[in-house]
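Treat the numbers as computed from the prediction; the structure is a model and nothing was measured. To find a chain, count down the sequence lines: A is the first, B the second, and so on, and within it residues start at 1.
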2 protein chains.
Amino acid sequence: MASEMSRRERPAKPALSRGGIVAAAVGILREEGLRKVTMRRLAQELDTGAASLYVYVRNTAELHAAILDELLGTIAPPPSEGDWRDRLERLLTAYTSMLLEYPGLALSALVARPSGENYLGLVENLLALLAEGDVPPEQRAWGIDLLLQYATTTAAEHADEEPQGDWDALARAVRDADETTHPRIAAHSADLLTGQPAQRMSWGLRVLITGITHTAVPPERNPT
Amino acid sequence: MASEMSRRERPAKPALSRGGIVAAAVGILREEGLRKVTMRRLAQELDTGAASLYVYVRNTAELHAAILDELLGTIAPPPSEGDWRDRLERLLTAYTSMLLEYPGLALSALVARPSGENYLGLVENLLALLAEGDVPPEQRAWGIDLLLQYATTTAAEHADEEPQGDWDALARAVRDADETTHPRIAAHSADLLTGQPAQRMSWGLRVLITGITHTAVPPERNPT
DNA sequence: ACCTGAACACCGTTCAAGT
DNA sequence: ACCTGAACACCGTTCAAGT
C-alpha cells in the first residue's frame with residue numbers, strides 16, 4: 001500500500017504535451033522572466049531533453065507566442081457599465097497590467113502577434129466598444145490596431161529589467177540641456193520628465209480615442 | 001621596399017577606441033542585422049578578443065544604445081517649408097525609415113532610450129514643430145513621447161526577420177472568424193487587414209497629432 | 001591603463017539512433 | 001510517432017596574467 005502511494009505521489013514523468021509545455025513555460029516566466037524561458041531550461045523543468053520539445057513547438061518564437069495566447073485568457077472581462085471611453089480605457093489597462101506581471105513578455109508581444117482565440121476575443125471586445133461610441137467602421141478597425149500597439153508598447157517600456165541607468169542618463173541630459181542649443185528642451189524640462197506611468201498611459205489612451213474618433217481613414221485602402 | 005609596402009598595406013591592428021568599436025558595430029548591423037552585433041563577432045571584426053571591448057563599453061545593452069545614438073545623426077533634417085503637421089509627419093517618417101534600414105535596431109530602440117546629442121536634437125525639433133502648431137506647452141512635452149513611441153514601434157513591428165508565419169496565421173484567423181462568436185471581426189475583416197504600411201503610419205500620426213492637440217493633460221502631474 | 005586567453009555558465013537547433 | 005544524447009555553432013561576462 002505504501003509502495004502504491006509512493007508510486008503515485010509524484011508522477012515521475014508526466015507525458016509531454018503542447019499544453020503541458022506551455023503551462024511549464026508560464027511557470028518559469030512567472031518566476032524568472034521570459035529570458036529564462038529557454039528550450040533547455042524548459043526541458044530541464046519537464047525532466048527531458050531540449051530536443052524533445054521540438055515535437056510540439058516549432059521554435060522559440062512560436063513558444064513565446066503560445067505563452068502570450070495563453071495569458072491573454074487571464075485578463076478580466078470588460079466592465080459592462082459606464083461610459084464607453086472609460087470601459088475601453090479599463091480594458092486596455094487590464095491588458096497592459098497583465099503584460100507587466102510577466103517580465104519580458106511585452107517585448108515579445110510586440111513582435112509575435114498572436115492569432116489565438118483569446119486574442120480574437122480581445123479584438124472583438126474592442127471593436128464593440130468603439131462601435132458603441134459611434135466611431136465609423138473603418139476607423140474602428142484601424143483604431144484598435146493603434147490602441148493595442150500603444151498598450152503593448154507601454155508595457156514593453158516599463159518591463160525593462162534594469163531601466164535605472166538609461167533613464168537617469170536621459171533625465172540628466174534633459175535637465176542639463178543647454179539653453180542656447182536646445183531652448184525648447186530647457187523650457188519644457190519639467191513637463192518632459194513628470195507624470196506617473198498611470199497618468200501618462202491614461203492620457204495617451206484619451207489622445208488615441210479622441211484622434212481615432214476625429215480622423216478619417218484614406219478612401220483608397222490597398223491591401224497589404 | 002616591397003617589404004615596407006606590405007608592412008603598410010593593411011594596418012594590421014588599428015588601436016581600439018570607443019568610436020572605432022561603434023563604427024565597426026554599425027558595419028555589422030548594416031550587413032547582418034543587430035542580432036549579429038555581439039561582443040564576440042565584433043571582437044573578431046576588430047581582430048581582438050571579446051574581453052578587450054569591455055574597456056570601452058559596459059555591456060551589450062550599452063553598445064546597442066551607442067549604435068542608436070550614432071545613427072540618429074544620419075536622419076534628414078526637418079524640412080523648413082510647408083504646414084507644421086506635414087513637416088512633423090515627414091520628420092517622424094524619416095526617423096522610422098532610418099530604423100527600418102537596420103534590421104533589429106528598432107526593437108532595441110524601444111528599450112534602450114538614448115540620451116545623446118542626436119536624440120536631444122530630434123526632441124528639440126519635435127517640440128519646435130508642436131509649438132508652431134500652437135499646441136499648449138504641457139501637451140507638447142507629453143505629446144512628443146507619444147509620437148516617438150509610435151514611430152519606433154511601427155518600425156519594430158515591420159523589422160521582424162520572418163513575419164510571414166505569424167501574419168498569415170492572423171489573417172486566416174480574422175478571415176475565418178465565426179460570425180456568431182465574433183460578429184464584429186467578421187463584419188470588419190476587410191478593414192482589419194487592409195492598408196499599406198505607409199498609409200497606416202500616416203493615419204496613425206494624424207490621429208496622434210489631432211489627439212494631442214485636443215486633449216488636456218491632468219492638472220496635477222506628480223514626478224515619476 | 002590596456003589587452004589577452006582561458007574559463008564559466010549558458011544558448012537554439014539538428015540529427016542519428018533508439019523505442 | 002515520439003524521445004533521446006550528443007554534437008555543432010554559437011552567446012555574455014569575468015578574471016588572472018601579462019605588457
Checklist entry - Measuring from B:Leu34:CG to B:Leu107:CG, what's the distance to the nearest 0.5 Å? => result 9.0 Å
Checklist outcome for this item: Taken to the nearest whole Å, CE/B:Met39 to P/C:dC10 is 19 Å
Between protein and nucleotides 1-4 of chain D, what N or O pairs are separated by less than 3.5 Å?
residue, atom, partner, partner atom, Å
D:dC3, OP2, A:Tyr56, OH, 2.6
D:dT4, OP1, A:Lys13, NZ, 2.3
D:dT4, OP2, A:Thr48, OG1, 2.0
D:dT4, OP2, A:Ser52, OG, 3.2

Checklist entry - Please give, in whole Å, the distance from C:dG5 P to B:Tyr54 OH? => result 16 Å
Checklist entry - Using 4.0 Å as the upper bound for N to carboxylate O, is an ion pair formed by B:Glu62 and B:Arg18? => result yes
Next on the checklist: From CD of A:Glu62 over to P of C:dT13, roughly how many Å is that when rounded to an integer?
Outcome noted: 11 Å
Next on the checklist: With heavy-atom distances below 4.5 Å as the criterion, would you say the side chains of B:Ile144 and B:Leu122 are in contact?
Outcome noted: no
Checklist entry - Side chains of A:Leu127 and A:Val123: does their closest heavy-atom pair fall under 4.5 Å? => result yes
Checklist entry - On a whole-Å scale, what distance lies between the P atoms belonging to C:dC8 and D:dA9? => result 22 Å
Checklist entry - Which value, rounded to the nearest 0.5 Å, describes the distance between B:Glu179 atom CD and B:Ser189 atom OG? => result 9.5 Å
Checklist entry - CZ of A:Arg40 versus P of C:dT13: gap in Å, rounded? => result 11 Å
Next on the checklist: Return the pairing partner of C:dA6 with a 3.5 Å limit on both distances, Watson-Crick or G-U wobble; otherwise return none.
Outcome noted: D:dT14
Checklist entry - Any side-chain heavy atom of A:Thr96 within less than 4.5 Å of one from A:Tyr150? => result no
Item to check | Complement of D:dT19, any strand, by Watson-Crick or G-U distances under 3.5 angstrom | outcome: C:dA1
